[in-house]
Amino acid sequence: MALGARRADVLRLVLTDAMKLILAGVALGVAVALALTKAMASLLYGVSAADPVIFTSMIVLLIFVSLTACYVPARRAMRVDPMVALRYE
């Protein structure tokens, strides 16, 4: 913001960087979960090992929680006065 960025630019920067990490983590997690479904199949009751509804709902939930966890600090960073931030550094 001290170099001319708007508050929306700061928010977009933080959330796009976070979204890249979130999607990489979710992709890795889904790959590992699908690989381990054979071992977990005997522990599950009433659903198949690779139930698409369960996988989809957990992906959506994880993305929502992760974006919320990134949005709160990004919103706080938007409110920082650039002169205060420059003096702190």
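For this chain, numbers begin at 1 and follow the sequence in order.
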Please set out all donor-acceptor pairs under 3.5 angstrom arising from side-chain atoms of residues 57-67, sequence neighbours excluded.
unit_1, atom_1, unit_2, atom_2, d
S57, OG, V53, O, 3.0
S57, OG, I54, O, 3.0
S66, OG, L62, O, 2.7

Please report, to 0.1 Å, the donor-acceptor pairs under 3.5 Å made by any side chain of residues 10-28, with sequence neighbours excluded.
unit_1, atom_1, unit_2, atom_2, d
R12, NH2, D9, OD1, 2.6
T16, OG1, R12, O, 2.8
T16, OG1, L13, O, 3.1

**Message:** To check you understand the geometry: which heavy-atom pair defines the closest contact between R7 and R79, and what is its length?
**Reply:**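 Looking at all heavy atoms of both residues, the shortest contact is NH1-CA, 3.3 Å.
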
**Message:** Minimum heavy-atom separation for P73 and A69, please, with both atom names.
**Reply:** CD-O, 3.0 Å

